[in-house]
Structures are given as C-alpha cells and as structure tokens.
Amino acid sequence: MKNYLDGGEAILEAFRKLKIDYIMSSPGSEWSPIWEALARQTLENRAGPTFVESWHETLAVNMATGYTLMTGRPQAVLLHAGVGVLQGSMGIHGALQNEVPMVVMSGESQTLGENPDLDIEQQWYGGLTVGGIERFVEPVTKWARAVTSPYTLYESVIRAGEMAQRAPKGPIYLNVALEHMLHDWTPPESPREVPPAPVMQPRPQDVETVAELLRKAKSPVIVTETAGRDPKAFSALQELADLFAIPVINGRASAYANFPTDHPLYLGIGRYKALDDADLVLLVGGRAPWYPPRRRPTRGKIVAIHDHPLKEHMVYQNLHVDLYLEGDIAESLMLLIAAAKSAKIEPATVTARRQRWTREHESYVAELRAEREKAQNGSAIDPLSLLGALGEAMPADTIYVDETITHSPLIRQHLPQTTPQSFFRGSGGLGQGIGTALGIKLAAPQRPVALLIGDGSFLYNPVIQALGASQRHDLPIVIVILNNKKYEAMRKGHVHHYPDGASASKGLHFGVTIDGPDYEQLGSHFGFHGERVEYRAELDVALRSALTATKEGRTAILNVVVNR
Ligand SMILES: Cc1ncc(C[n+]2csc(CCOP(=O)(O)OP(=O)(O)O)c2C)c(N)n1
C-alpha cells in the first residue's frame, strides 16, 4: 500500500485543523484523493472527520446546514464539479440567507488531457464543464474562488473555514483542480492550530447609551426574530426581559425558538400591539420585522442588536433603526445587562410592568387555547387540533423543523417552544426541510426531531434520497405531512388579486391541486413506519406510535389529512 501525501491529504488535514466533524458529500470523480486520505485515516485509526454520503446534493448541503444550526460549527460539503454545485445551489443559497457557515468544495480538471505526463479521465474534457463554475456560484455564496495551486491548497481550505465563521457567516466555495489534489503535498513545518473565530462586541459607549435608554424607558418592548439560534442569546434575552420586566414579541419573520413561549412576558408572534405605547424597542436579531416596511411600528426609539443587521441578500430592507448595537447577539445582550444593572431602577416600576404584561400573556394564552378548542369540532383534522396533539404527545425537548407555508403562522403561534433550539424554520426555496431535520438529528441524537411539512413542500424534497440517508446514517425522525391536497398558498394568492375573477367564481384553479402519492407508504422501502391519519381521534395514538418507531431507530411518516 502506497502512502500518497498529496492534495487530498492536505484538504483532510485542513478539515481536521478546522475541527470539522463531517464531510457531507454527494459523489464526484474528483474526490478520489480525499477518499484515499479517508481510507488511510480509517486504516491508521486516526481522528478526523466522518464521511457522510448522500444521494443528492441538496441533501448534503441541507444536512450540513442542520448540523451547524445546532452546533454553530461549520462543516465541509464536497460536491461534484460544476453540475453538482448547480444541483446543490439552492441549499447553498439558503445557507447564505440564513447565515450558516460552511466550506463547500468541488473540483474540475485544469489540464483537460493536454498534459502528456498526467492521464486525466476523458469525461473532464467537454462533459462536465459548465464553463467556469465560480460564475454560477458567486451569487449564492459569501465568497467563491478557485484555489490557485497545490502549494496554496492547505491554507486556502483553512482560510475558507475561518472566513465562513466571520460575520456575516455563510458558505465559502472553493474550486479545487483535480491536478492540485493529485499533486504532492509537503505539510507545513509547524502547522498552526486554528483559533476560534473572535466574538465581536459593540463599543462600550454604545452599550452605555442603550443602557441609559433602557433605564429611562417607561414602556420598553423586545422584538426578536433570530436571537434564539444561539442558546446563549436565548438565555441572555430571558435574563434581560426578566430584569426589567420587558415583554417579548417574536417578529413576523421569526425563524427560531427565541424566548420561552410559556414565559409570563411572552406576547406572541407578530402581535405588535404592545408597540403602540412603547418608548423603546429592542430589535434583537431582526431581518424583516415590520410590514409594510414603510410603517414605523412605534413612536419610541428602535435599537437593533445584531452582528449583521443589514442583509445584502435583500434588495430592500427598512428596519427604522435609530441606534445599532452591532456585535454578537448574546455578547451584546450580556454587556447590556451588565451596564443596565449598574443603575438602580425603581422596583415598583418593574413590578407594575410585570403585572401588566403577565395579564396580557395570560389573556393571549387563553385566546390560543380557545382557538384550539374551537377547532376540536367534527371528526376531521383541523391543523390546530394537530398542533394541540403535538403539544400533548411530543416530549418537551422535541426539536421542530417547519417547512409549511399557509400553516406556518399557526404552527409558530401554537407550538410550545420552551427550550433553546426547539424550533427552526429556514428561509429560501422549498425542498430543504428533510435534509435540515436530518442534520439537526445528527447533531442532537438524543432529542426527538419532528419535521412539519406541507404536502406541496414535501414533494420538493429529495424524498427517497433523504429516507436513504436517514436509514444509512441512523437518523430516525418523525415527518408529519400536513396534507391539504393542494398548494393552498397559490390559491390564496390568486384569489387575493382576482377576488371576483374567472377562477374564483367558477372554482377553476390552475397550479393548486396536488394528486399526491400515499405518502405514508414511501418509507416502506426502508422498513420505516408510516400511517395515514384522517380523523382527529386517531392523532394522539398515531403520534405516539411514530415516536416509538423513532426510538426503535425507524423514521416515521405521518400523512395527516387536514381540512384546510
Ligand atoms: C423551490 C420552490 N419552488 C416553488 C415555490 C413556490 N411556492 C411557495 S409556497 C408553495 C406551495 C407549497 O405547498 P404546501 O407545502 O402544500 O403548502 P400550502 O400552500 O398548501 O400551505 C409553492 C409551490 C417555492 N417557494 N420554492
């Protein structure tokens, strides 16, 4: 057995230095140098990343996304040449939008058969080229370049991992020539340990200014959309809210469990009423909280707390911000807490505020309960009774992934989110939910993971490939399909613009009906559990059986036929 010390080893060693746990990959013939290095790693019993094979590029990228959402640490994604990257590009774009760091790589041949001393396979000439992959990848990544030589390869990969973790976090793409990976590699004489990315802080005087506003504010309110992605920010937000009795509202584009929904200061999602008489709004991790954006939601000052408040991926954004605290969210919140604590605030003021908002919280919770009870009517399944049943049957540490459309506002309002990292909703194109859920399960094998997904959205996913990955990598999850047998969003949108048009008056719709397969049977090829659930009375048992299947290592697909 020959020990090749080549570019493949350089990349794997760079991954080790970056403390990458997984290489998520959908195969391509350029990766033999990496596979050779991985084979040596196994034979020599060396520590290093595990290779996770996928049958589809979207899945490979989404699994990296899910894993990083849980751990915060970037992973590697190896795709194939130009074609594989194009296939995975929507997932990569999703990672860009959601600021998920990752190192994405693919390779092409540079010599294309013209080097008489290097026998490159024929397919590289003409077959696989997309005419320079960086042209396609650049808009969907934070940074995309070709590695310049075998001599710059090792540090280029490390630098990619380091860049991915700087704000704004996101995917970095490297195009590595096959020839560079096959080339000899001499490791650096004294390789450096890669330091963790620094945690950025706002300036002390800016923190002090906001602390002063907070002390003086009579009616401060917190609005958040993404704070809870970091468990430290989830805790810090709770501490800040508790300290001053500030109510917390999840913004309309809220995508994570940001604040315990059973906390007496929690006022719901997109319910901005408390902003009417607010004199200070702390917008924590906001992306697009106000709609229409021109409408300023408050007469008070708006302070944005975020490491990256202004999003390049949006063509327009109007946050109405008066002051920025720019830095890591958890860090900024903790600095703010420390600064604000140093001055006394009248305990009676805090107590009065807490009482006011607790009453508001209680009436909000009662309203939700009444809505759910109203839905317990007849034998068919209203989405609200499904949400009630999930709340009852699923353990408190369940992680929910949401890829629904018209049901999402209900889900985010009614599903309990009491612990950090218990809810994730990605933004970007449809078809990424199952892979994201599998990546999350890989990072949190002890916690139940439930994907809530519309029938239309489900069909955009690489379903067979994802079920294969679930089986092969031992990642059992519960998939709950909210099956309304249609793209309701399309119907709603059509009727919104043409309320008395030809379609609405005659019920003649295009692009709405879904004549889907028996979704519950799709897992049978893998020995998975599946059940069609049509009646409300069956929900509880069905959910519990699904959960039991996952405990036995089998993914469960519940095809829940909902009445809207
Ligand atoms: C990749 C991609 N293609 C198309 C769309 C457009 N789209 C948005 S919502 C939607 C319908 C999804 O249907 P379903 O999950 O059943 O939800 P419902 O509308 O019934 O609530 C579609 C097709 C999209 N967002 N992403």
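In this text the structure is predicted, and so the values were computed from the model without any measurement. Numbering of residues begins at 1 and proceeds along the displayed sequence. Order of listing sets the numbers, starting from 1, for every ligand and every atom in it.
Without hydrogens or angle criteria, His361 side chain to Tyr266 main chain gives a donor-acceptor distance under 3.5 Å.
Protein heavy atom in closest approach to atom 11 (C) of ligand 1: Tyr487 CD2, 3.5 Å. With respect to atom 4 (C) of ligand 1, the closest heavy atom belonging to the protein is Tyr460 OH, 3.4 Å. Of all protein heavy atoms, the one closest to atom 9 (S) of ligand 1 is Ile405 CG1, 3.6 Å. Remark: minimum distance from atom 21 (O) of ligand 1 to any protein heavy atom is reached at Thr406 OG1, 2.4 Å. The protein heavy-atom contact nearest to atom 19 (O) of ligand 1 is Ala489 N, 2.7 Å. Nearest non-hydrogen protein atom to atom 26 (N) of ligand 1 is Leu430 N, 3.1 Å. For atom 15 (O) of ligand 1, the nearest protein heavy atom (residue, atom name, distance) is Ser457 OG, 2.6 Å.
Put simply, no part of Thr404 is less than 4.0 Å from ligand 1, judged by heavy atoms.
Under the side chain to side chain donor-acceptor pair (under 3.5 Å) criterion, Gln75 pairs with no residue at all, not counting sequence neighbours.
Distances between N or O atoms of Glu488 and those of ligand 1 include at least one value under 3.5 Å. For ligand 1, one of its N or O atoms has an N or O atom of Gly456 under 3.5 Å away.
The existence of a salt bridge linking Glu403 and Arg425 is excluded, since no basic side-chain nitrogen approaches an acidic carboxylate oxygen closer than 4.0 Å.
Aromatic pair Trp55/His473: ring centres not closer than 6.0 Å. Taking the centre of each ring, Tyr256 and Phe423 stay at or above the 6.0 Å mark.
Shown here is Glu312, whose CD atom has more than 12 heavy atoms of other residues, nucleotides or ligands within 6.0 Å.
Numbered from 1 in the order shown, with element, the atoms of ligand 1 that lie under 4.0 Å from a heavy atom of Asp455 read 16 (O).
When Met490, Glu403, Lys486, Lys485 are ranked by how near their heavy atoms come to atom 6 (C) of ligand 1, first place goes to Met490.
A side-chain contact (heavy atoms from CB on, under 4.5 Å) with Leu482 is found for one member of Asn559, Thr404, Val561 and no other, namely Thr404.
His263 and Phe259 have tilted rings, their planes meeting at an angle from 30° to 60° on a 0 to 90° scale.
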